[in-house]
Every structure is written in structure tokens, then in C-alpha cells.
Protein chains: 2
Amino acid sequence: MALSRAAVTSIVNDLLETEIVREAESRSVNSGRPPIILEINPSGDYVAGVDMGATHLSIVVANYAANFIQEKEIPFDIALGPKTCLNQANELLRETLAEASISIEQVNAIGVGVPGPIASDAGMVVAPPIMPGWDRYPIRNTLEKMWGCPISLNNDAELGALGEWAYGAGRGFRNLAYIKVGTGIGAGLLLDGQIYHGATGSAGEIGHLTIDENGPMCTCGNRGCLEALTGGHAIARQAQEAVHNGKRTILSEIAPVERISAQDVADAARQGDLISQQILSRAGSHLGIAIAGLVNIFNPNMVVVGGGVAQIGDLFLEPVRQAVQRRSLPAAAHAVRITTALLGRRSSSMGAVVQALTIALHQLAEGKEVRKTLVV
Amino acid sequence: MALSRAAVTSIVNDLLETEIVREAESRSVNSGRPPIILEINPSGDYVAGVDMGATHLSIVVANYAANFIQEKEIPFDIALGPKTCLNQANELLRETLAEASISIEQVNAIGVGVPGPIASDAGMVVAPPIMPGWDRYPIRNTLEKMWGCPISLNNDAELGALGEWAYGAGRGFRNLAYIKVGTGIGAGLLLDGQIYHGATGSAGEIGHLTIDENGPMCTCGNRGCLEALTGGHAIARQAQEAVHNGKRTILSEIAPVERISAQDVADAARQGDLISQQILSRAGSHLGIAIAGLVNIFNPNMVVVGGGVAQIGDLFLEPVRQAVQRRSLPAAAHAVRITTALLGRRSSSMGAVVQALTIALHQLAEGKEVRKTLVV
DNA sequence: ATTAATTTGTCAAGTTGTTTAACAATGTAA
DNA sequence: TTACATTGTTAAACAACTTGACAAATTAAT
């Protein structure tokens with residue numbers, strides 16, 4: 001149910017008074033009085049987004065209009081444990097701020113994404129499959145002390161979903177799933193723009209769905225998990241085996257064989273390498289089975305596929321679409337669109353910024369006591 | 001956020017005035033003034049619940065306190081198509097009402113459950129896997145004309161979830177999944193007591209999750225769907241094969257072999273028949289893989305398993321629990337309880353009554369214009 | 001150029017659902 | 001009896017909205 005125009009006037013007056021928004025250039029329109037366009041008032045304050053992956057750390061600083069001011073990314077190893085990793089994050093954030101001549105005091109909230117299931121109340125990860133040493137480490141408390149501002153701790157796939165929903169391929173969709181294909185594979189679910197956590201913050205963990213009861217062993221101890229078939233390691237391993245078996249592929253130029261990575265396979269596929277394309281096509285097909293399961297259970301109207309491998313585009317997405325079409329209910333399969341992340345590797349960072357902004361804006365609204373001194 | 005006592009007083013006064021609730025016997029308490037207990041005012045009006053399964057049709061009539069007044073169930077074949085089936089439902093409803101000496105005019109709303117994905121706005125099923133001839137047939141419109149009161153059309157598993165949440169094993173759980181194991185297998189998902197439909201009403205359709213890429217053919221054209229491994233037909237077929245292969249089982253007393261049903265297998269298992277127990281244990285194990293997927297994606301804190309086979313109890317549930325424990329994320333697996341439906345075969349009917357009651361109570365509140373003549 | 005139509009924004013008055021704070025009612029325990 | 005605990009009610013105040021009238025700013029029609 002929408003608000004009346006009169007109510008909107010009142011609310012907008014508050015926002016103008018507190019300088020959270022300001023009037024922008026009005027655009028002309030077919031007929032009638034042209035509307036007053038509003039925009040977020042950038043002010044001199046900022047938020048930051050921190051995206052920790054398994055193998056990279058990326059930090060962005062953004063203004064209140066969600067425009068990225070500065071951005072840095074470095075290689076990273078989440079397995080080094082919380083102390084080392086959080087210190088690296090601290091250094092990189094301060095470097096990033098320094099380059100943009102912004103002081104940490106101007107940063108009013110920071111969104112943080114990590115590749116594991118989150119207990120949001122506690123601000124920590126619980127029993128994460130790929131974050132050794134992080135179990136129940138007080139991430140949010142540590143960072144709040146380190147940076148002196150409120151921290152929103154989230155799962156990276158959930159942030160990807162949020163980022164794509166707010167500024168990417170998922171705009172306007174009520175039931176959105178974002179699939180992050182990287183070293184691990186996870187999904188973030190969004191209902192009406194709200195992250196769906198589930199009971200314990202581990203909703204959307206599709207990495208260990210059983211795809212083939214008799215498939216290859218997974219690190220989790222089961223056979224035929226999605227991650228064991230389509231994850232970064234699995235793709236690299238298949239490529240290494242192909243080279244080892246003397247298959248014709250440009251990947252054989254890479255030496256030693258053990259250094260071939262999923263990224264190499266993706267690059268080779270883009271250049272037309274057949275073996276690489278086959279490997280990715282099979283991986284896409286397995287991912288499709290998992291997404292078909294997600295579609296049958298969650299019934300989204302949009303699935304955004306992100307992460308390094310997804311950037312290849314249709315070469316990877318077509319087998320995914322085919323598997324979904326075949327293996328999910330007609331009603332659900334017909335309603336769902338499957339597409340690549342529009343924000344590319346920035347999906348999660350953008351989501352982190354969105355989370356930081358909601359905190360920062362709430363602070364603004366409360367701190368300046370909206371509505372207190374409005375009418376006379 | 002809870003309401004203040006004063007606000008509750010005001011609301012309760014409205015409800016008393018409109019005679020939707022009334023005061024009941026007050027129970028004594030440790031100390032302090034004893035509270036005034038309220039109960040729904042049964043009045044002379046009723047609602048009905050209609051549960052159409054693949055092979056049974058069941059109808060209940062209930063008062064406004066959700067007490068079942070009368071109840072009837074007959075064998076049924078949903079494949080006979082909408083006209084025949086809806087006429088049968090009509091006859092059975094009128095018989096049920098007649099036995100309780102209630103006229104159709106006293107029934108103010110009816111909840112209806114069918115085993116297929118629902119387009120709620122349209123009041124019809126869309127591309128249902130096991131309801132031949134029903135696709136896009138205007139079920140709700142037909143029934144509203146037939147019965148002259150508002151109809152709520154729902155998926156049967158969703159109703160099961162609602163019923164168990166309101167009056168069964170799922171009371172108090174925020175993230176509930178109800179698994180209906182029958183001829184088909186479906187799940188109903190509940191978030192904070194609200195049915196989660198998904199984008200097109202086909203959320204929770206786990207019957208055709210791929211469990212084993214190389215498993216037996218399913219009616220849907222794929223291999224190794226859950227339904228092809230654990231559905232009623234699959235269980236019956238496995239039992240028939242066992243008898244045919246000369247296995248020692250009390251099922252061999254049934255003749256001809258083709259008449260052995262899933263119900264027979266369940267009965268035999270309860271009586272200690274080893275072959276039957278093995279079949280059900282394997283079926284439970286496969287169901288467990290599917291539920292593990294559901295747990296990883298939806299992350300519920302309660303899974304209620306209903307339908308005929310589930311009534312066997314732990315003999316069937318233990319392999320389910322084991323598979324879930326092994327194949328879902330520790331955080332999610334630890335948080336989820338898995339149990340049998342408390343309402344037994346009545347889960348869906350109860351859910352249908354709950355849906356009917358929300359409609360009926362809304363009508364009451366609107367029709368009598370609550371709050372209009374409250375304070376002089 | 002004037003008028004009409006259209007759309008957007010604002011104002012004043014009234015309504016609704018709530019909170020707050022005081023207090024009354026009704027029980028048990030010392 | 002008195003103290004206390006708990007529950008229910010009342011009146012006043014208030015926040016957030018709706019309604020309906022109207023003002024403002026533009027395009028299209030006459």
C-alpha cells in the first residue's frame with residue numbers, strides 16, 4: 001500500500017531538513033507540473049565495503065550516493081586465520097583511505113563480507129567449510145574496535161545478491177538468488193530486497209548439495225558435492241588431468257602443470273580452447289543441476305551468477321540454463337531468468353556498501369532527531 | 001516489538017464488542033491478579049477444509065475455534081480431472097454438512113488444498129506434475145460459484161506446514177518446512193507463520209530434485225528424481241520386485257503382486273518385516289538427501305515429515321536424520337529438528353481450516369465495522 | 001494568448017492506533 | 001493487615017497517517 005502524496009511531502013521535508021537528501025535538476029516530462037527530483041546528499045562523509053574472498057581481499061570507499069571513491073584489491077589467503085587477515089584488511093583500508101585523502105573518522109559504517117555462514121547477532125562465522133581458524137572468532141567486535149564505527153558482517157554471497165539487487169542485474173526482482181562461483185560456491189537469497197538468512201544464517205549454502213551420490217570425494221567427506229564438481233579447485237584439477245593425459249589444449253603451455261588455475265581455464269576458454277570449454281560446459285551443467293534444485297525450492301524470478309568463472313558469459317551460462325530448464329518444474333523454470341552479474345567482481349563490495357549505507361543513514365536519521373523540530 | 005497493555009485493552013474491547021472472542025474461565029497463577037483468558041467465540045458459524053490428494057479426498061467442517069465438528073474421507077483419483085473431482089468434493093461436502101446438521105449458508109469460508117503449484121491470484125494450478133487435465137482450470141472460481149463463499153486455494157504441502165505450525169509439531173518455529181510424502185513428494189515452507197510461495201507459487205517442490213544423475217527414470221523425463229526413488233509408486237515397485245525375486249517377506253501373501261501398495265509396505269514394516277524395513281530405510285535415506293538440500297538452501301529450524309509413510313515413525317525418520325546430518329552444513333544441521341507430523345493425516349485439512357478462518361475472521365471484522373462505534 | 005487539462009506539491013483538519021503514566025483490581029505471601 | 005506482584009483500565013498526548021481542497025508548473029487545444 002502506497003503512502004499518500006501528503007505523507008510523502010512530510011517525510012521528504014524531514015529528509016531535506018536533516019540534509020540527508022537534496023533537490024536535483026528537474027527533468028521535463030510529457031505534461032503537467034514537472035516533479036522535483038531528489039538525490040542523496042553526498043556530504044563529507046563516507047562508508048566502506050570490505051570483501052574477503054578465499055583468495056582475494058578487496059576494499060572500496062564510497063560516498064552516501066553509493067559512488068565508489070576509491071578501490072583496492074590484493075591477493076589474499078583466508079586460511080591464514082582471523083588475526084593475520086583482519087590486520088591485512090586494516091592495512092589495506094587505511095591505504096585506500098590515504099590515497100583518497102579521507103580520514104577514518106569520516107567513515108561512518110563499514111560492511112564486511114566473508115565466505116561463510118554468519119551468526120548475525122554474534123557477529124561471527126559458525127562452522128564455516130572454508131575458513132579454518134575462524135570458527136566463532138569475534139570478527140565484528142574486533143573490527144569495531146579497530147575502526148571505531150559500526151560494522152555489518154555478512155556472507156559474501158548474500159552481499160552479492162544485495163549489490164546486484166540494488167545496482168545490478170537484479171533490480172526490481174522480488175525473489176532473487178545470487179550464485180557466487182569461486183573457490184567455494186554459495187548462494188545469497190533475497191526476498192523483497194531483504195537478505196534471507198534462514199534460522200542460523202546458513203541459508204543458500206548450495207556448495208555441498210549432493211549432485212552425484214557416486215561422484216568424486218569432497219573436502220567435506222561426502223561424494224559428489226557441487227563444489228567437488230564445479231568449484232575452482234575442481235575445475236583446475238580437471239584441467240591438470242587433461243594436460244597430464246596429453247589432450248590438445250593451450251593449457252599445456254603452462255608449467256608446472258600444478259600451477260594451472262580455474263582462471264587459466266576461463267581465459268583459455270575465452271580464447272577458444274576446446275578442452276577448456278568442455279570442462280567449463282560440464283561444470284556449468286552440474287551447477288545447473290544445483291540451481292535447478294534451488295529453483296524448485298526457492299522459486300526465484302531471477303538468478304544472477306557471479307564470481308570469476310561467470311564472467312565468461314554464455315559459454316558457461318548456456319549449459320546452466322539448459323540444466324535448469326530440464327530439471328526444474330515447468331512453472332518455476334519458465335518464470336526464472338538466469339543471467340551474469342552486471343557488477344562483475346564488484347557485486348559483493350557493492351552489497352557491503354549498501355549494508356554500510358543503511359547503518360549510516362539510520363544513524364543520521366536518529367542522531368539528528370528527524371521529526372523533532374519539524375512543524376513550528 | 002510488542003504492543004503496550006493499553007493498546008491490547010483497546011483491541012480486545014473491539015473483539016469482545018464484535019463477539020469475535022469471549023472471556024473464558026480464568027486460570028489461577030502463582031501470584032498477582034489472575035489474567036482474563038480469552039477464547040474464540042464459536043458462534044453459529046463454521047468454516048470447511050477440503051484436502052484433495054492424489055488418491056484421497058478429505059473434508060472437515062470446523063467451528064471458529066478450529067475444532068473439527070465433522071470429518072469425512074473417501075478414496076479418490078485426481079487424474080479424473082477437475083469436473084468429476086470438484087463434483088465429488090461438492091457431494092462429499094454436502095454429505096458432511098448434512099451429518100452435522102449444518103447448512104451451507106452457515107459456512108463462511110472454505111480452504112482447499114491440491115497437490116500442485118498454485119497461481120494464487122488466479123486461483124488455479126499451473127503446469128502441475130501429477131494433476132492431468134487441471135492445468136489452468138479455474139478451480140477457485142468454480143468452487144466459489146458452487147459453494148457461495150470465499151475460497152482459499154492452496155498447495156497441500158503448504159497447508160500441511162500451516163496446520164502443523166498452528167496446531168501441531170511446528171508450533172513456535174519461525175522457519176518451518178513440512179514434507180509431504182505420498183504419491184508425490186512436496187514441501188511447504190513457512191516464514192513467521194506465513195506461507196512462502198516463491199515467485200510463481202512453486203516454492204518447495206522437492207519431488208523432482210535430482211538425487212542420482214544415473215538413477216531410475218522418472219515420469220518427468222529425468223533420471224534419479226526424489227519421487228522416482230521415494231514416492232509411493234517407487235516404494236510399491238521396489239516391494240513388488242522383491243516379491244518377484246523371491247525375497248522372504250510377508251508381502252508375498254498379497255496377490256496379485258501388482259496390488260502391493262506403499263501402504264502395505266508401511267504396514268509390513270511396522271509388523272517387523274525386514275525386506276519392507278530395508279525398502280523404507282533406503283527410501284528414507286534418499287529423502288534425507290533431498291531434505292539435506294532443503295536444509296542447506298532454506299535453513300529451517302524445524303522439518304515436519306507428514307504423509308502416510310511418515311506415520312511409521314523413527315524406523316523411517318532415522319535414516320532421514322542420518323542423511324541430513326551427514327550432508328548438510330554443520331551449522332544448519334545442528335539447528336534443525338526433524339520430526340513426524342503431530343496431526344497425522346489431518347495436517348493439510350487443519351491448514352485448510354486455518355486459511356478459511358483467516359478469511360472468515362477478516363470478514364467478521366470488516367462486516368461488523370470494528371472500531372466504528374467503540375467509544376461513545 | 002488564453003484557457004483547459006494534467007500532473008505535482010502543499011496545507012489544514014480530522015482519524016487512527018498507539019504510548020505514557022497514573023491508578024484500580026485482584027490475587028498470594030509474610 | 002500489610003506488602004508485593006501482576007493484570008487491566010483510563011485519560012491525555014502524540015506520531016503518522018488520510019482526506020479534500022487548493023496552489024503551482026507545465027503542455028496541449030482553442
Side-chain angles (χ1 to χ4, degrees), chain A residues 1-43 64-65 171-172 192-194 357-376, chain B residues 1-43 64-65 171-172 192-194 357-376:
Chain A
M1 181 189 50
L3 294 176
S4 66
R5 282 210 309 275
V8 172
T9 293
S10 157
I11 293 168
V12 166
N13 278 341
D14 295 348
L15 296 174
L16 287 171
E17 194 132 340
T18 53
E19 295 186 324
I20 291 173
V21 301
R22 67 181 182 193
E23 298 190 354
E25 285 298 288
S26 79
R27 61 161 216 278
S28 64
V29 92
N30 290 349
S31 89
R33 173 174 171 173
I36 298 172
I37 305 297
L38 299 172
E39 64 184 8
I40 298 284
N41 196 338
S43 79
Y64 277 24
R171 266 174 288 192
D192 292 321
Q194 297 294 311
L357 280 173
T358 60
I359 295 179
L361 292 178
H362 268 267
Q363 284 183 315
L364 249 186
E366 284 177 20
K368 294 205 180 170
E369 311 211 44
V370 178
R371 279 221 151 253
K372 187 136 192 188
T373 52
L374 180 61
V375 188
V376 183
Chain B
M1 180 189 50
L3 293 177
S4 66
R5 283 210 306 277
V8 172
T9 294
S10 157
I11 293 169
V12 166
N13 279 340
D14 295 348
L15 296 173
L16 287 171
E17 194 132 338
T18 53
E19 295 186 324
I20 292 174
V21 302
R22 67 181 181 194
E23 299 189 355
E25 285 297 288
S26 79
R27 61 160 217 279
S28 64
V29 94
N30 291 349
S31 88
R33 173 175 173 174
I36 298 173
I37 306 297
L38 299 173
E39 64 185 10
I40 298 284
N41 196 338
S43 80
Y64 277 24
R171 265 175 288 193
D192 291 322
Q194 297 295 311
L357 279 173
T358 60
I359 296 179
L361 291 178
H362 268 267
Q363 284 182 316
L364 249 185
E366 284 176 20
K368 294 204 180 172
E369 309 210 46
V370 178
R371 278 220 150 254
K372 186 133 191 191
T373 52
L374 179 61
V375 187
V376 178

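What you see is a predicted model, and the numbers here were worked out from it, not measured in a lab. In what follows, chains carry the letters A, B, and so on, assigned in the order in which the sequence lines appear, proteins first and then strands, with residues in each chain numbered from 1.
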When you get a sec, tell me which of [options] is the closest nucleotide to the side chain of [X]?
X	options	answer
A:P34	C:dC11, C:dT18, D:dT26	D:dT26
A:A6	C:dT18, C:dT20, C:dC11	C:dC11
A:S4	D:dT19, C:dT20, C:dT26	D:dT19

Whole-Å distance separating the [atom1] atom of [X] from the [atom2] atom of [N]:
X	N	atom1	atom2	value
A:N13	D:dA16	CG	P	14 Å
A:E17	C:dT10	CD	P	13 Å
A:I36	D:dT26	CD1	P	10 Å
B:I37	D:dG8	CD1	C1'	13 Å
B:I11	D:dT10	CD1	P	15 Å
A:E23	C:dT10	CD	C1'	13 Å

Hey, what bend do you get for the helix from C:dA1-D:dT30 to C:dA30-D:dT1 if you fit axes on five pairs at each end, rounded to 10°?
-> 10°
Distance-only, no hydrogens or angles: does the B:S10 side chain make a donor-acceptor pair with backbone N or O of B:A6 under 3.5 Å?
-> no
Using a cut-off of less than 4.0 Å, is there contact between a side-chain N or O of B:S31 and OP1 or OP2 of C:dT28?
-> no
Under 4.0 Å between a side-chain N or O of B:T9 and OP1 or OP2 of D:dT9?
-> yes
Contacts of B:R22 that satisfy side-chain contact (heavy atoms from CB on, under 4.5 Å) - sequence neighbours left out = B:E39, B:N41, B:P42
On DNA chain C, check which nucleotide each of B:R5 and B:V8 is closest to and give me the residue with the more 5' one.
-> B:V8
Kindly write out the residues that satisfy salt bridge (charged side-chain N to carboxylate O under 4.0 Å, His left out) with A:E23, not counting sequence neighbours, or none if the list is empty.
-> none
So, does the side chain of A:R33 form a donor-acceptor pair with the base of C:dG9 at under 3.5 Å?
-> no
